[in-house]
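Before any comments, here is the structure.
Just so it is clear, the structure is predicted and the values come from calculations on it, not from any experiment. Numbering of ligands and ligand atoms starts at 1, following listing order. Start at 1 with the first residue, then count along the sequence.
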Amino acid sequence: MKIIETISAMQSAADEIRLSRKTIGVVPTMGYLHKGHLSLIKVARENADIVIVTIFVNPTQFAPHEDFNSYPRDISRDTQLAEMAGVDILFIPSSNEMYPSDFLTTINVKHLESKLEGESRPGHFQGVATIVAILFNITKPHVAIFGQKDAQQAIVIKRMVQDLNFDIKIIVAPTVRESDGLAMSSRNTYLSPIERSESAVLFAALKEAEYLIKNGMKNCLTIKENMSKLILSKKSAAIDYISIANPITLDEYEILEKSQLVLISLAVRLGKTRLIDNILINI
Ligand code: PAF
């Protein structure tokens with residue numbers, strides 16, 4: 001596995017790969033790799049000749065009060081995991097090179113960026129869309145893999161790719177879960193043992209919603225009330241939002257209709273840790 005740390009070296013390597021008529025699959029990450037990332041790498045492997053993983057903890061997607069400084073980082077462990085997963089190139093740029101002091105440009109995927117996560121984390125998706133566009137221009141991929149766990153991120157990126165005509169196929173890979181249903185996330189490491197055991201309630205609430213819908217419940221307010229009750233039965237849990245929305249526009253549904261595709265998503269705080277999760281269901 002090659003480790004590349006500069007933009008120009010990465011762009012030259014991508015040019016060479018493209019010249020040799022091989023396809024590039026990129027998995028953008030913020031590091032602290034876990035089984036969820038490894039599953040994205042596997043999907044990249046299945047869909048491209050050369051797999052690039054990027055590791056960059058992107059400062060512009062964190063609000064000042066968020067966990068940018070404490071976000072877990074372990075490059076030597078990540079390097080080992082990436083190597084074992086068969087990654088061809090690990091791109092680890094510096095913050096100074098990614099965001100020089102005269103950097104001015106941002107990408108806004110209007111409407112989509114201000115809903116759900118965007119309401120709780122203003123500016124987050126501007127940071128995500130901008131860094132992903134930068135990473136696309138540096139790694140020059142044919143395909144890019146994102147996780148369903150960050151459903152809104154995948155929706156925002158797909159729209160950016162569509163609107164700006166990036167010639168890149170976006171693949172959204174299924175969420176990988178712990179045995180009790182907790183979605184894998186680097187932030188799970190923040191949980192205390194009690195919070196960790198209570199965190200299974202996120203997926204349990206999503207499954208409860210699915211059960212109610214599959215049994216004919218159509219009123220989204222009632223479904224959300226049932227989910228809230230379950231979540232708030234856990235001492236450490238506080239709800240940021242619960243959403244039942246259209247998975248393309250993110251507009252909220254009030255009453256569900258037959259044949260609808262529905263994105264049920266939530267953000268819950270367990271103590272100081274904020275976790276998100278979602279499921280997509282076809283009614
Ligand atoms: O999902 C993430 O890890 C990040 O949001 C991403 C896509 C790497 C952009 O910084």
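- Across all non-hydrogen atoms, the minimal contact from Phe68 to Phe62 is N-CD2, 3.4 Å.
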Scan the side chains in residues 200-218 for donor-acceptor partners under 3.5 Å anywhere in the protein, sequence neighbours excluded, and list what turns up.
{"residue": "Lys207", "atom": "NZ", "partner": "Glu210", "partner atom": "OE1", "Å": "2.8"}
{"residue": "Asn215", "atom": "ND2", "partner": "Tyr211", "partner atom": "O", "Å": "2.7"}

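- Between Tyr253 and Pro247, the shortest heavy-atom distance links the atoms OH-CD, 4.3 Å.
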Return a table of donor-acceptor pairs under 3.5 angstrom between the side chains of residues 46-54 and protein atoms on other chains or two or more places apart.
{"residue": "Asn47", "atom": "ND2", "partner": "Val43", "partner atom": "O", "Å": "2.8"}
{"residue": "Asp49", "atom": "OD2", "partner": "Thr23", "partner atom": "N", "Å": "2.8"}
{"residue": "Asp49", "atom": "OD2", "partner": "Thr23", "partner atom": "OG1", "Å": "3.3"}

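- Taking a cut-off of under 4.0 Å to the non-hydrogen atoms of Pro28, the atoms of ligand 1 that pass are 8 (C).
- Atom 3 (O) of ligand 1 has its nearest heavy-atom neighbour, among Met30, His124, His37, in Met30.
- Those atoms of ligand 1 that come under 4.0 Å of a heavy atom in Thr29, given as number and element, are 8 (C).
- Classification of Lys115 and Asp251 as a salt-bridged pair holds, one side-chain N sitting under 4.0 Å from a carboxylate O.
- Of the residues listed (Arg274, Gln61, Glu113), the one engaging Arg121 in a side-chain contact (heavy atoms from CB on, under 4.5 Å) is Arg274, and it is the only one.
- Shortest contact from atom 7 (C) of ligand 1 to any protein heavy atom: Gln153 NE2, 3.4 Å.
- Neither the backbone nor the side chain of Thr54 has any atom closer than 4.0 Å to an atom of ligand 1 (non-hydrogen atoms only).
- For atom 9 (C) of ligand 1, the nearest protein heavy atom (residue, atom name, distance) is Gln61 OE1, 3.3 Å.
- The distance from ligand 1 to the heavy atoms of Ile131 drops below 4.0 Å at these ligand atoms: 9 (C), 10 (O).
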